[in-house]
Amino acid sequence: MASSRRDLAVRAAVDQGLLSAAEPVVALLDTAGIRASAAALTSAFAAVTDAPVLHAFAVKACPLVPVLRLLREAGLGVEVASPGELALARAAGVPPADTVLDSPAKTPAELRQALALGIAVNADNLQELARLDALVASAPTASPLGIRVNPQVGAGSIGALSTATATSKFGVALRDEGARKAVVQACLERPWLTRLHTHTGSQGVPLALMAEGVGEAYALAEDINHAAGRQQIDTLDIGGGLPVDFHSDEETPTYAEYARLLADTVPGLFDGRYGLVTEFGRSLLAKHGTVLARVEYTKTSGGRPIAVTHAGVQLATRTVYAPDAWPLRVLAYDSEGRPRTGEVTVQDVAGPACFAGDLLATGRALPLLHQGDVVAVPDTGAYYFAHHYAYNSLPRPGIHGFTVTGGGAGSGNGGAGGDAGGAGSGSDDAGGAGVVAFTTVRKPQTLAEIVAESGGALADALVG
């Protein structure tokens with residue numbers, strides 16, 4: 001079970017010195033869990049269609065080259081939305097044929113590069129199509145080209161993550177006056193426009209609304225093909241967006257549930273006439289990341305205990321600023337990395353930043369935390385520790401992948417792991433239930449790197 005692997009990894013991180021007074025916050029990635037999620041995704045769609053499907057991981061969810069390489073080895077491609085994300089994907093060895101470029105603000109240079117490489121491009125709007133007209137006319141390209149449409153089916157519970165609202169900034173709004181007709185005409189005028197793309201949103205968006213959005217895109221594809229008298233639209237990019245349960249270890253909803261719902265709601269999608277692209281992100285990684293932080297101090301204010309830790313707004317930015325929309329669990333461990341026991345007490349878990357709102361959890365019932373204890377914040381593998389917020393110039397934490405092998409190995413306290421791709425030493429729990437090996441995915445940021453990023457080499461720039 002993932003929770004058992006997590007407990008072993010917390011203990012091993014303490015034993016092996018990954019988490020220490022010198023490194024009071026680290027992030028862990030469960031590689032077995034990531035592989036399992038990738039397999040669940042591919043098998044879910046394979047169960048409902050024989051048509052080709054490219055599962056393109058949304059790089060924004062976890063922009064780490066070793067993660068992209070791991071997913072590539074698991075059979076996934078990538079969806080990128082910036083030159084930086086494309087550079088990461090190329091560094092991970094993802095081929096252009098398995099890469100999709102989406103962005104509402106692509107520059108001519110970005111489009112030119114994508115077409116030169118043969119990367120699939122989804123134009124966001126009609127003005128972008130005009131740019132593509134000139135590029136397609138100037139040089140041949142192997143890039144599949146499409147256009148994003150906004151089905152305007154409504155919002156989920158988190159407005160900022162709902163991309164199919166009446167006024168969403170993404171895609172061509174299909175229910176605006178004349179818009180649907182304009183998209184059909186744009187396709188008829190461009191025989192090379194062979195894809196439609198849609199994405200209804202992610203966290204907080206119910207599956208039924210996601211399926212409704214896909215259904216609208218499918219109906220539009222059928223209309224375009226009918227008007228063209230041939231199957232011009234041959235691929236539907238249905239986006240991603242499967243929400244994550246942040247309240248438990250359950251991985252729900254599942255890819256299988258979503259694929260079956262699509263098969264029931266939009267049966268023509270899976271009859272073999274259309275290739276498919278998906279763009280899942282959060283649901284592939286969230287459950288397989290855990291942030292660990294030492295409790296530096298404990299205190300009481302207004303009668304409520306407060307544990308001051310090294311994990312706060314620099315890692316859990318969304319949770320700190322919007323705790324109702326982005327709640328996170330906090331798990332308590334003692335100073336040796338064992339699950340903390342004792343009377344459950346309502347307490348706050350605070351981060352290190354210098355503002356009052358830097359709280360991971362408020363009024364949370366946990367075994368009373370002590371100085372030197374460890375807090376673990378699960379479900380942080382997507383949009384958390386790989387999206388650093390440099391408040392107070394707090395350093396980015398080290399990130400380590402871990403694997404657990406079967407019991408029977410002797411315990412050992414070794415090094416914390418080598419460079420990216422190198423195996424760390426193993427350590428088993430007190431009962432010999434499993435051996436944990438760590439691999440460094442990203443080294444901790446140094447103070448020298450913080451200074452360099454903050455213009456350290458240009459100290460006299462404003463006074464010279």
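The chain is numbered in sequence order, starting from 1.
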Using only atom types and a distance under 3.5 Å, with no angle test, would you say the side chain of [X] pairs donor to acceptor with the backbone of [Y]?
| X | Y | answer |
| --- | --- | --- |
| Asp348 | Ala350 | no |
| Arg69 | Val65 | no |
| Glu128 | Asp124 | yes |
| Asn392 | Cys354 | yes |
| Thr309 | Arg294 | no |
| Ser454 | Val451 | no |

[X]/[Y] ion pair, N-O < 4.0 Å:
| X | Y | answer |
| --- | --- | --- |
| Arg148 | Asp102 | no |
| Arg273 | Asp234 | no |
| Lys287 | Asp379 | yes |
| Glu110 | Arg131 | no |

Does the ring center of His55 lie less than 6.0 Å from the ring center of Phe45?
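Yes, ring centres under 6.0 Å apart.
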Greater than 12 external heavy atoms within 6.0 Å of [X]'s [atom1]:
| X | atom1 | value |
| --- | --- | --- |
| Asp264 | CG | yes |
| Arg90 | CZ | no |
| Glu189 | CD | yes |

Checking Val377 against Leu360 for the side chain to side chain contact (heavy atoms under 4.5 Å, CB included) test, could you report, in this order, the C-alpha distance in whole Å, the side-chain angles of both residues, the deciding distance, and whether it holds?
CA-CA 9 Å; Val377 190; Leu360 280 177; 3.9 Å; yes
Starting from the C-alpha separation in whole Å, work towards a yes-or-no answer on salt bridge (Lys or Arg N to Asp or Glu O under 4.0 Å) for Asp133 and Arg190.
CA-CA 8 Å; Asp133 285 338; Arg190 297 168 176 84; 2.7 Å; yes
In sequence, state the C-alpha distance, the side-chain angles, and the governing distance for Leu284 and Leu41, and then conclude on side chain to side chain contact (heavy atoms under 4.5 Å, CB included).
CA-CA 8 Å; Leu284 280 162; Leu41 171 59; 4.2 Å; yes
[X] to [Y] - nearest heavy-atom pair and separation:
| X | Y | value |
| --- | --- | --- |
| Glu251 | His288 | OE2-CE1, 3.7 Å |
| Thr194 | Pro191 | CG2-O, 3.8 Å |
| Pro378 | Arg6 | CB-NH1, 3.8 Å |
| Leu115 | Thr141 | O-OG1, 2.7 Å |
| Val121 | Ala114 | CG2-CB, 3.7 Å |
| Phe385 | Leu29 | CZ-CD2, 3.7 Å |

Do [X] and [Y] come within less than 4.5 Å of each other through their side chains, counting heavy atoms only?
| X | Y | result |
| --- | --- | --- |
| Val67 | Leu71 | yes |
| Ser37 | Leu285 | no |
| Val136 | Leu145 | yes |
| Tyr258 | Leu242 | yes |
| Ile233 | Glu222 | no |
| Glu216 | Arg175 | yes |
| Val149 | Phe170 | no |
| Ile119 | Val100 | no |

Please assess Asp237 against Arg195 for the test salt bridge (Lys or Arg N to Asp or Glu O under 4.0 Å), listing each intermediate value before the final yes or no.
CA-CA 7 Å; Asp237 184 332; Arg195 293 187 171 193; 5.6 Å; no
For [X] and [Y], which I'm curious about, is there any donor-acceptor pair between the side chains at under 3.5 Å?
| X | Y | answer |
| --- | --- | --- |
| His388 | Gln314 | no |
| Tyr218 | Asp223 | no |
| Ser248 | Asp245 | yes |
| Tyr383 | Thr317 | no |

Any idea how Phe355 and Tyr321 line up, ring-wise: parallel (<30°), tilted (30 to 60°), or perpendicular (>60°)?
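Ring orientation of Phe355 relative to Tyr321: parallel.
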Exactly one of Val349, Thr319, Val291 should register a side chain to side chain contact (heavy atoms under 4.5 Å, CB included) with Leu328. Which one does?
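The option that passes is Thr319.
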Lys60 and its salt bridge (charged side-chain N to carboxylate O under 4.0 Å, His left out) partner, picked from Glu85, Glu79, Glu279
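Answer after filtering Glu85, Glu79, Glu279: Glu79.
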Between Leu262 and Ile238, does a side chain to side chain contact (heavy atoms under 4.5 Å, CB included) hold up when you go through it step by step?
CA-CA 10 Å; Leu262 287 174; Ile238 63 173; 3.8 Å; yes
Assess whether side chain to side chain donor-acceptor pair (under 3.5 Å) is satisfied between Tyr255 and Ser283, documenting all intermediate values.
CA-CA 9 Å; Tyr255 294 118; Ser283 54; 2.7 Å; yes
Can you tell me how far CG of Leu8 sits from OG of Ser3, rounded to the nearest 0.5 angstrom?
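Those atoms lie 10.0 Å apart.
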